[in-house]
A.B. asks: 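Here you go, one structure.
Below, each value reflects all heavy atoms present in this structure, side chains not excepted, and no hydrogens, waters or symmetry copies. Throughout, a chain's letter reflects where its sequence line sits, starting with A, and its residues are numbered from 1.
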Amino acid sequence: MEKDVRVRFAPSPTGGLHLGGVRTVLYNYLFAKQNNGKFIVRIEDTDRTRFVEGAEQYIFDCLDWCGLTPDESVVHGGEYGPYRQSDRKEIYKKYAEQLIDQGNAYYAFDTPEELEQMRTNLKTDKNPNPQYDHNTRMNMRNSLSLSDAEVKQLIESGTPYVIRIKMPDNETISFTDMIRGEISNSSGLVDDKVLLKADGMPTYHLAVVVDDYLMKISHAFRGEEWLPSAPVHILLWKYLGWENEMPQWGHFPLILKPDGNGKLSKRDGQRLGFPVFAMKWADPGTGEALDGFKEVGFLPEAFVNILAMLGWNDNTEQEVFSLNELISKFSIDRIHKGGAKFDYEKAKWFNHKHLQEKTETDLYNLVLPFIHTHSPEVDNELLKKVIPLVKERCNLLTDFWDQSHFFFVRPENIDTTPISGKWDDDKTNFFKVWLTKLDELTNWDADSLENLFTDTATELSIKKGQVMLPLRIMLVGGKYGPNVMDIAALLGKKEVKVRVECILEQL
RNA sequence: GCCGCGUUGGUCAAGGGGUUAAGACGCCUCCCUUUCACGGAGGAAUCACGGGUUCGAUUCCCGUACGUGGUACCA
């Protein structure tokens, strides 16, 4: 019988939630939803030295914004809790001891200094990173090298110890990765990983298998950085007697820097001017705060779409997907093996596409908070009329202000150089005549304004094209924005006259 | 160093023994627009390299190079 699909995302609460992390969430979520399964979030906070206050809540806030709601977690509940590893501390020890009893693990009493000593002593050009493994463990202080009496004495006297897995000298460990196919490793090349730390907390290696087992995880998906330690995990599943319940593995490719080499980091975002976190993260330790995709004006559905396409496609030309489409079309076997470089320009294009599909009411609600950061007292009715005029030239929600501020705030410091050189009295005269005729206009709308403008130009024998750009500069302050007559229509007679007259005096 | 995993235009990528090697982003040109965008039409640009296998290799195999990850009482 097929197992129920249960997948998990297991972040450590140590800082901002990165692009790659959200993509791992997404792929897990899509797989779960597609298979009527459960998506679980488990907090892996076993490293007390890296714990950051607030990071856990922040992760859930990010998932919430993305619309990727867990079925089970610290905040969503569930039958397999606790979902925070620090709350499960007592569970792990007994399994570690079981492994010792079976001869698959051992106590190690080496101090950090002794470990350091061993590494520097054994370090050579050919072997720059000596490991604690079958070659070295008998020279260290552990329950394999020491007599039973010594071990007993050390434990009873309260000497700190860790529990390490005893990796077989030379065994081939193979497994099938859902993305990469058959993968084999030689056990002798992997070190005797610490399973239980001196403070009684498990390391990732022990915790991930114990919890995946206890939480009945059916498919274990994670980043490619875990591939080298997969043999340790597989051995643990075997040693603990759970081989038949072992989840299927899948290791996702990495998201890389847009330029140079390496994994994308928050520094790359700062250096190249784009966010790497889902939402703003303010580190309580350093006081440093970095905006996320949300703050720079991305739509969550676009953000999710971008991430989905970074390493996956559905074998058609479709690129813009809703979350529901992704749920039905996603497939693990179409995930790439190779890492992908993140492209911010393309990311903005995705957001543009999603923005255009929004209703005007939705856009109004989405844009309002961004407009308020610039001008808290905008005319809401005016904003509603402005949105359809500018939306197609916006990529980000933050672009709306840049594209429309002149509707709400009279432009200052207008650069008239594009028109001042060719300015003459005929043009001044044209605007003066047009301004007075404005008072006679019965319908204040774009068409009427344009007709009047054209007629006036014809009457004064001036080319319409010569006065169009000047009008735009007067109204907008620059060579951009929607149709000038639409702008004039929304601005209203009084404001148009003020702006035109003001510039006329300067020319 | 060792081990794992990768490699199709600048980027995301489709394809998978015989193709004019899709599409998208970006870039360039033109059209639309009396602005700037949007939109439309074009264009430049790719199978890392070397050996096999084969009538034929971008595709399969082996090397090499390059990239990337791991090599912690971090995850």
Side-chain angles (χ1 to χ4, degrees), chain A residues 10-14 44-47 49-50 108 110-112 115 119 123-133 160-164 177 179-180 183-186 188-191 193-205 207-208 222-231 251 253-254 256 258-263 306 309-320 334 336-350 352-353 356 390-395 399 403 418 463-473 476 478-484 487:
Chain A
S12 352
T14 53
E44 307 220 332
D45 58 345
T46 55
D47 185 355
T49 63
R50 293 208 310 157
D110 316 274
T111 63
L115 290 173
R119 290 190 180 113
K123 189 171 172 174
T124 59
D125 284 348
K126 292 273 281 178
N127 182 14
N129 295 300
Q131 300 190 131
Y132 199 121
D133 60 14
Y161 64 84
V162 300
I163 294 178
R164 286 178 182 271
D177 186 280
I179 295 163
R180 289 150 209 281
I183 291 178
S184 341
N185 283 278
S186 175
L189 266 9
V190 184
D191 63 333
K193 296 275 182 223
V194 169
L195 264 20
L196 202 73
K197 304 186 242 188
D199 64 1
M201 279 289 193
T203 59
Y204 173 82
H205 306 293
V208 74
R222 61 210 325 189
E224 193 186 349
E225 65 270 28
W226 292 108
L227 215 37
S229 51
H251 291 86
L254 268 9
L256 309 168
D259 55 355
N261 321 119
K263 227 178 8 166
I306 293 159
M309 301 311 287
L310 218 49
W312 174 86
N313 69 79
D314 77 335
N315 198 14
T316 71
E317 287 182 9
Q318 184 175 355
E319 290 192 274
V320 178
R334 288 200 62 82
H336 294 170
K337 297 180 176 77
K341 290 181 181 167
F342 178 67
D343 181 354
Y344 191 52
E345 291 306 315
K346 182 95 187 223
K348 286 192 285 192
W349 175 82
F350 273 108
H352 179 263
K353 289 291 184 190
Q356 306 317 310
V390 300
K391 71 166 191 176
E392 65 191 19
R393 56 225 314 144
C394 294
N395 289 327
D399 291 339
Q403 290 296 332
K463 284 213 170 98
K464 189 183 166 190
Q466 292 185 301
V467 279
M468 266 320 229
L469 185 60
L471 178 62
R472 169 174 299 279
I473 302 273
V476 173
K479 292 169 67 172
Y480 62 96
N483 181 289
V484 207
I487 296 170

A.B. asks: Not counting sequence neighbours, which residues clear salt bridge (charged side-chain N to carboxylate O under 4.0 Å, His left out) with E225(A)? List them please.
C.D. replies: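 By the salt bridge (charged side-chain N to carboxylate O under 4.0 Å, His left out) rule, E225(A) matches no residue at all.
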A.B. asks: What's the NE2-C1' distance between H352(A) and rA24(B), to the nearest Å?
C.D. replies: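 In whole Å, rA24(B) C1' lies 15 Å from H352(A) NE2.
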A.B. asks: Looking only at heavy atoms, which two atoms of I487(A) and R472(A) are closest? And how far apart?
C.D. replies: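 Heavy atoms only, the tightest pair is CD1-NH1, 4.2 Å.
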A.B. asks: P atom, rC3(B) versus rA44(B): distance in rounded Å?
C.D. replies: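 It comes out at 45 Å once rounded to the nearest Å.
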A.B. asks: For Watson-Crick and G-U wobble pairs within 3.5 Å on both distances, what is RNA chain B written in dot-bracket notation, | included for inter-strand pairing?
C.D. replies: (((((((..(((.....[....))).(((((.......)))))....(((((..]....))))))))))))....
A.B. asks: So does K197(A) have more than 12 non-hydrogen atoms from other groups sitting under 6.0 Å from NZ?
C.D. replies: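 Yes, NZ of K197(A) has more than 12 neighbouring heavy atoms, counting only those of other groups under 6.0 Å.
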A.B. asks: Send over the distance from K353(A) NZ to rC25(B) P, rounded to a whole Å.
C.D. replies: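 Taking NZ of K353(A) and P of rC25(B), I get 7 Å after rounding.
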A.B. asks: Expressed as a whole number of Å, how far does the C1' atom of rG43(B) sit from that of rC49(B)?
C.D. replies: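 The answer is 30 Å between these two C1' atoms.
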A.B. asks: Working to the nearest 0.5 angstrom, can you tell me the gap between Q356(A) CD and N395(A) CG?
C.D. replies: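 One finds 8.5 Å between CD of Q356(A) and CG of N395(A).
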A.B. asks: Considering only the C1' atoms, how many Å lie between rC28(B) and rA45(B), rounded to the nearest integer?
C.D. replies: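 The same atom, C1', in both gives a distance of 11 Å.
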A.B. asks: What distance do Y480(A) atom OH and Q403(A) atom CD have between them, rounded to the nearest 0.5 Å?
C.D. replies: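 Answer for the OH-CD pair, Y480(A) versus Q403(A), is 7.5 Å.
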A.B. asks: Considering only the C1' atoms, how many Å lie between rG63(B) and rG40(B), rounded to the nearest integer?
C.D. replies: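 My reading of the C1' atoms in rG63(B) and rG40(B) gives 50 Å.
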A.B. asks: Which is true for P253(A) with a 4.0 Å heavy-atom rule: it touches a base, it touches only sugar-phosphate, or it touches nothing?
C.D. replies: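 Contact class for P253(A): none.
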A.B. asks: Any chance you could lay out the side chain to side chain contact (heavy atoms under 4.5 Å, CB included) test for K479(A) and L469(A), step after step, and finish with the verdict?
C.D. replies: CA-CA 8 Å; K479(A) 292 169 67 172; L469(A) 185 60; 3.9 Å; yes
A.B. asks: Are side-chain heavy atoms of Y132(A) and D110(A) found at a separation under 4.5 Å?
C.D. replies: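 Yes. Closest side-chain heavy atoms under 4.5 Å.
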A.B. asks: What is the nucleic acid contact for K464(A), judged by heavy atoms within less than 4.0 Å: base, sugar-phosphate only, or nothing?
C.D. replies: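 Base: the residue K464(A), judged by heavy atoms under 4.0 Å, touches a nucleobase.
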A.B. asks: For a quick check of understanding: with a heavy-atom distance under 4.0 Å over all strands, which category does G478(A) fall into, base, sugar-phosphate or nothing?
C.D. replies: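 Answer is nothing: G478(A) stays at 4.0 Å or more from every strand.
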A.B. asks: Using a cut-off of 4.0 Å between protein heavy atoms and nucleotide atoms, how would you tag nucleotides 70-75 of chain B 5' to 3' with B, S and -?
C.D. replies: SBSBBB
A.B. asks: So which protein nitrogen or oxygen atoms get under 3.5 Å of nucleotides 30-32 of chain B's nitrogens or oxygens?
C.D. replies:
none

A.B. asks: Find the distance K479(A):NZ to rU33(B):P and express it as a whole number of Å.
C.D. replies: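 That distance rounds to 18 Å.
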A.B. asks: Which pair of non-hydrogen atoms, one from G339(A) and one from L256(A), has the smallest distance, and what is that distance?
C.D. replies: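 In this case the closest contact between G339(A) and L256(A) is C-CD1, 4.1 Å.
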A.B. asks: Mind checking the C1' distance from rA21(B) to rC47(B)? Whole angstroms is fine.
C.D. replies: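 8 Å, rounded to whole Å.
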A.B. asks: Side chain to side chain contact (heavy atoms under 4.5 Å, CB included) with K263(A): which residues, sequence neighbours excluded?
C.D. replies: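 With sequence neighbours excluded, K263(A) shows a side chain to side chain contact (heavy atoms under 4.5 Å, CB included) to L254(A), given in chain and number order.
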A.B. asks: Report the distance from atom CH2 of W349(A) to atom P of rC25(B), rounded to the nearest whole Å.
C.D. replies: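 Between P of rC25(B) and CH2 of W349(A): 5 Å.
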A.B. asks: For K337(A) and rC5(B), what is the distance between atoms NZ and P respectively, to the nearest whole Å?
C.D. replies: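 The answer, rounded to whole Å, is 11 Å.
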A.B. asks: Is it true that D47(A) and R50(A) have a side-chain N and a carboxylate O under 4.0 angstrom from each other?
C.D. replies: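 The answer is yes: the pair qualifies as a salt bridge.
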A.B. asks: Please evaluate residues L227(A) and D177(A) with respect to the criterion side chain to side chain contact (heavy atoms under 4.5 Å, CB included), reporting the C-alpha separation (whole Å), side-chain torsions for both, the decisive distance (0.1 Å), and the verdict.
C.D. replies: CA-CA 10 Å; L227(A) 215 37; D177(A) 186 280; 4.2 Å; yes
A.B. asks: How many whole angstroms separate atom CG of L254(A) from atom P of rC5(B)?
C.D. replies: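 Distance check: L254(A) CG to rC5(B) P gives 15 Å.
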A.B. asks: Which pair of non-hydrogen atoms, one from V190(A) and one from Q131(A), has the smallest distance, and what is that distance?
C.D. replies: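 Heavy atoms only, the tightest pair is C-NE2, 4.1 Å.
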A.B. asks: Quote, to the nearest angstrom, the C1' distance that separates rG16(B) from rU58(B).
C.D. replies: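 So the two C1' atoms sit 8 Å from each other.
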A.B. asks: Return yes if some donor-acceptor pair links the side-chain N/O of Q318(A) with the main-chain N/O of V320(A) below 3.5 Å, else return no.
C.D. replies: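 It does hold such a pair.
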A.B. asks: Starting at CG of D133(A) and ending at P of rC2(B), how long is that distance when rounded to a whole Å?
C.D. replies: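 Rounded to the whole Å, the gap is 16 Å.
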A.B. asks: Using a cut-off of 4.0 Å between protein heavy atoms and nucleotide atoms, how would you tag nucleotides 8-15 of chain B 5' to 3' with B, S and -?
C.D. replies: ---SSSSS
A.B. asks: Tell me what R472(A) touches on the nucleic acid: a base, only sugar-phosphate, or nothing, going by heavy atoms under 4.0 Å.
C.D. replies: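 Touches a base.
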A.B. asks: Should the ring pair H205(A) and W226(A) be called parallel, tilted or perpendicular, given that the plane angle runs from 0 to 90° and is split at 30 and 60?
C.D. replies: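 Perpendicular: the ring planes of H205(A) and W226(A) meet at over 60°.
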A.B. asks: May I have the distance from E392(A) (atom CD) to rU33(B) (atom P), rounded to whole angstrom?
C.D. replies: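 That distance rounds to 15 Å.
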A.B. asks: When you measure from the side chain of E345(A), which nucleotide among rC5(B), rG1(B), rG26(B) comes out closest?
C.D. replies: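 Closest of the options to the side chain of E345(A): rG26(B).
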A.B. asks: Taking it one step at a time, do K193(A) and R164(A) satisfy side chain to side chain contact (heavy atoms under 4.5 Å, CB included)?
C.D. replies: CA-CA 5 Å; K193(A) 296 275 182 223; R164(A) 286 178 182 271; over 6 Å; no
A.B. asks: Which value, in whole Å, describes the distance between the C1' atoms of nucleotides rA37(B) and rU64(B)?
C.D. replies: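 It works out to 49 Å between them.
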A.B. asks: Relative to the 5' end of RNA chain B, which residue comes earlier, A347(A) or L227(A), by the nucleotide with the nearest heavy atom?
C.D. replies: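 The answer here is L227(A).
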A.B. asks: Say you pick atom P in rA14(B) and the same atom in rC60(B); how far apart are they, in whole Å?
C.D. replies: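 Roughly 14 Å separates the two P atoms.
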A.B. asks: Counting N and O atoms only, with roles assigned by atom type, does the side chain of R334(A) sit under 3.5 Å from a partner on the main chain of N313(A), one being a donor and the other an acceptor?
C.D. replies: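 Flag set: sc R334(A) to bb N313(A) pair under 3.5 Å.
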